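Beneath this line is the structure, given in structure tokens, with notes to follow.
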Amino acid sequence: MATLIAPITFSPGADAEALHKAFKGWGTDEKTVIAILGHRNVYQRQQIRKLYEEMYQEDLIKRLESELTGDFERSVYRWMLEPADRDAVLANVAIKDGSKGYHVIVEIACVLSSEELLAARRAYHHRYKRSLEEDVATNTSGDLRQLLVGLVTSYRYGGDEINARLAKTESDILHSSIKEKKGNHEEAIRILTTRSKTQLLATFNRYRDDHGASITKKLLDDASDDFRKALHTAIRCINDHKKYYEKVLRNAIKRVGTDEDALTRVVVSRAEKDLRNIAEIYYKRNSVHLEDAVAKEISGDYKKFILTLLGKDV
């Protein structure tokens with residue numbers, strides 16, 4: 001379930017006019033920016049952007065970039081992008097971050113549907129004049145390169161069919177690959193980059209039944225290099241992406257100095273999808289509401305905007 005509650009009827013022209021007025025005079029009226037954009041779904045935001053350009057001959061996103069600053073500007077900018085374009089931007093930032101950003105590449109590749117991933121790759125190509133797989137391959141090497149390129153170029157079957165015998169065979173292959181720390185990981189990469197998510201869930205369940213522990217626990221115990229960390233992230237995202245995102249948020253909030261980039265990424269990309277479900281998992285895991293935990297860690301207009309996307313008006 002989404003946390004964003006957008007009005008059924010709205011006037012994009014009136015919103016565009018109100019935003020233009022908010023930019024006039026000394027300083028920006030951030031309250032109006034949050035009140036409008038924080039309550040509009042992706043279709044409505046694109047209508048506002050289109051009409052704003054027609055009315056004032058300037059790109060609303062560029063105007064917002066020039067009017068806002070810091071984490072508030074970054075969060076509004078990413079919120080205003082169409083989802084595929086946002087994923088392209090997030091992927092590019094992650095590639096530039098090197099090993100610190102590999103988990104974001106995995107996240108995008110494994111959480112999105114095949115159609116969504118294809119749209120993100122097209123958006124990346126359009127925005128950066130290079131392919132996503134080209135940039136991933138250029139900035140990685142070895143098993144990690146093979147895994148990441150395989151994930152971002154994957155077009156998985158989306159059906160519910162399961163081959164139980166294959167699940168047994170491939171859970172054993174994964175067990176051997178993980179156990180042999182310096183072994184040949186090609187088969188593990190093949191399985192994770194080609195099988196449907198439904199088939200992989202069956203494989204992961206069989207692994208737990210046969211080996212007495214989840215595959216993610218075994219990998220976490222041995223996550224000593226970038227490849228194994230990426231493998232761990234891929235399996236967690238495929239296994240239960242909502243639990244994965246809950247942990248991303250928990251780590252972002254609990255670390256010394258909040259990880260605003262991770263917080264923004266999850267809230268902005270999941271607010272129209274399943275952020276309410278993620279927030280419920282957060283509450284069960286931490287006995288504190290996500291919006292309350294967030295409110296203690298960030299401040300200013302950035303705080304007001306993130307809380308609005310979390311469904312809590314301030």
Side-chain angles (χ1 to χ4, degrees), residues 2-7 10-12 14-49 51-53 55-56 58-83 85-86 89-90 93 245 248-273 275-276 278-279 282 288-314:
T3 49
L4 177 80
I5 301 169
F10 86 115
S11 168
D15 283 350
E17 195 176 336
L19 286 167
H20 189 254
K21 190 177 176 183
F23 303 142
K24 292 292 184 185
W26 286 100
T28 308
D29 178 3
E30 290 89 354
K31 190 176 179 181
T32 296
V33 173
I34 294 168
I36 294 173
L37 299 180
H39 293 93
R40 301 292 183 267
N41 63 33
V42 61
Y43 173 70
Q44 293 168 339
R45 296 194 303 275
Q46 299 316 311
Q47 281 189 297
I48 294 166
R49 184 182 179 187
L51 215 55
Y52 186 94
E53 186 154 9
M55 291 165 70
Y56 304 109
E58 68 174 347
D59 185 349
L60 176 56
I61 289 184
K62 287 185 177 170
R63 186 61 189 261
L64 286 164
E65 280 186 284
S66 69
E67 294 287 338
L68 312 178
T69 58
D71 292 312
F72 179 43
E73 179 271 318
R74 192 178 297 112
S75 59
V76 171
Y77 171 76
R78 291 180 179 178
W79 178 244
M80 284 299 296
L81 296 174
E82 292 183 52
D85 203 23
R86 181 193 306 136
V89 169
L90 291 172
V93 170
Y245 279 127
V248 172
L249 288 171
R250 183 163 22 110
N251 289 343
I253 293 164
K254 286 190 173 179
R255 60 175 277 177
V256 178
T258 309
D259 184 351
E260 288 88 358
D261 203 56
L263 175 61
T264 298
R265 186 177 81 251
V266 177
V267 171
V268 164
S269 62
R270 307 314 296 182
E272 294 182 79
K273 294 184 175 180
L275 188 54
R276 193 173 299 283
I278 295 165
Y282 187 94
V288 60
H289 291 292
L290 177 59
E291 58 267 31
D292 293 337
V294 167
K296 287 181 182 175
E297 298 298 325
I298 58 178
S299 60
D301 294 314
Y302 174 57
K303 171 181 172 178
K304 291 172 188 172
F305 185 62
I306 292 296
L307 289 179
T308 299
L309 295 187
L310 281 165
K312 186 181 177 73
D313 282 326
V314 289

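Since the model is a prediction, treat every value here as computed from it, not as a measurement.
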Residue pair Asp29, Phe23: steps toward the side-chain contact (heavy atoms from CB on, under 4.5 Å) verdict: CA-CA 7 Å; Asp29 178 3; Phe23 303 142; over 6 Å; no
Does Glu272 form a salt bridge (charged side-chain N to carboxylate O under 4.0 Å, His left out) with Arg45? I'd like the steps, not just the answer. CA-CA 12 Å; Glu272 294 182 79; Arg45 296 194 303 275; 2.9 Å; yes
Is there a side-chain contact (heavy atoms from CB on, under 4.5 Å) between Leu4 and Trp79? Walk through the geometry before answering. CA-CA 12 Å; Leu4 177 80; Trp79 178 244; 3.9 Å; yes
If you apply the rule side-chain contact (heavy atoms from CB on, under 4.5 Å), what do you find for Arg78 with Asp261, and how did you get there? CA-CA 11 Å; Arg78 291 180 179 178; Asp261 203 56; 3.1 Å; yes
May I have the step-by-step check of side-chain contact (heavy atoms from CB on, under 4.5 Å) for Asp301 and Val33, ending in yes or no? CA-CA 10 Å; Asp301 294 314; Val33 173; over 6 Å; no
Candidate pair Tyr52 and Glu58, rule side chain to side chain donor-acceptor pair (under 3.5 Å), full reasoning: CA-CA 7 Å; Tyr52 186 94; Glu58 68 174 347; 2.9 Å; yes
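Among all heavy-atom pairs drawn from Pro7 and His39, the shortest one is CD-O, 2.9 Å. Closest heavy-atom contact between Thr32 and Ala18: CG2-O, 4.0 Å. In terms of heavy-atom proximity, Ala271 sits nearest to Leu309 at CB-O, 3.9 Å.
None of Leu263, Ile253, Asp71 except one satisfies the side chain to side chain contact (heavy atoms under 4.5 Å, CB included) rule with Ile298; the exception is Leu263.
We find the CZ-CG distance between Arg86 and Leu81 to be 7.0 Å, quoted to the nearest 0.5 Å. Between the OH atom in Tyr77 and the CG atom in Leu68 there is a gap of 13.0 Å [rounded to 0.5 Å]. Distance check, rounded to the nearest 0.5 Å: CG of Leu310 to CD of Glu291 gives 6.5 Å. If you take CG on Leu19 and CZ on Arg49, they are separated by 13.0 Å, rounding to the nearest 0.5 Å. One distance of note links OG of Ser66 with CD of Glu73; it measures 9.5 Å at 0.5 Å rounding. Rounded to the nearest 0.5 Å, atoms CD1 (Ile48) and CG (Asp15) are 4.0 Å apart.
Between Asp292 and Lys296, every side-chain heavy-atom pair lies at or beyond the 4.5 Å cut-off. Residues Leu37 and Met80 are in side-chain contact: their nearest non-hydrogen atoms beyond the backbone lie under 4.5 Å apart. Side-chain contact between Leu307 and Lys303 is present, with at least one heavy-atom pair separated by less than 4.5 Å.
Pairs engaging residues 16-27 under the salt bridge (Lys or Arg N to Asp or Glu O under 4.0 Å) rule: none recorded [sequence neighbours left out].
The ring-ring contact (aromatic ring centres under 6.0 Å, His included) check on Phe10 picks up nothing, with sequence neighbours excluded.
A donor-acceptor pair under 3.5 Å is absent between the side-chain atoms of Gln46 and the main chain of Tyr43, judged by distance alone.
Open room surrounds CD on Glu82; 12 or fewer heavy atoms of other groups in view lie less than 6.0 Å from it.
For the residue pair Tyr245/Ser269, the side-chain donor-acceptor check at 3.5 Å is not satisfied.
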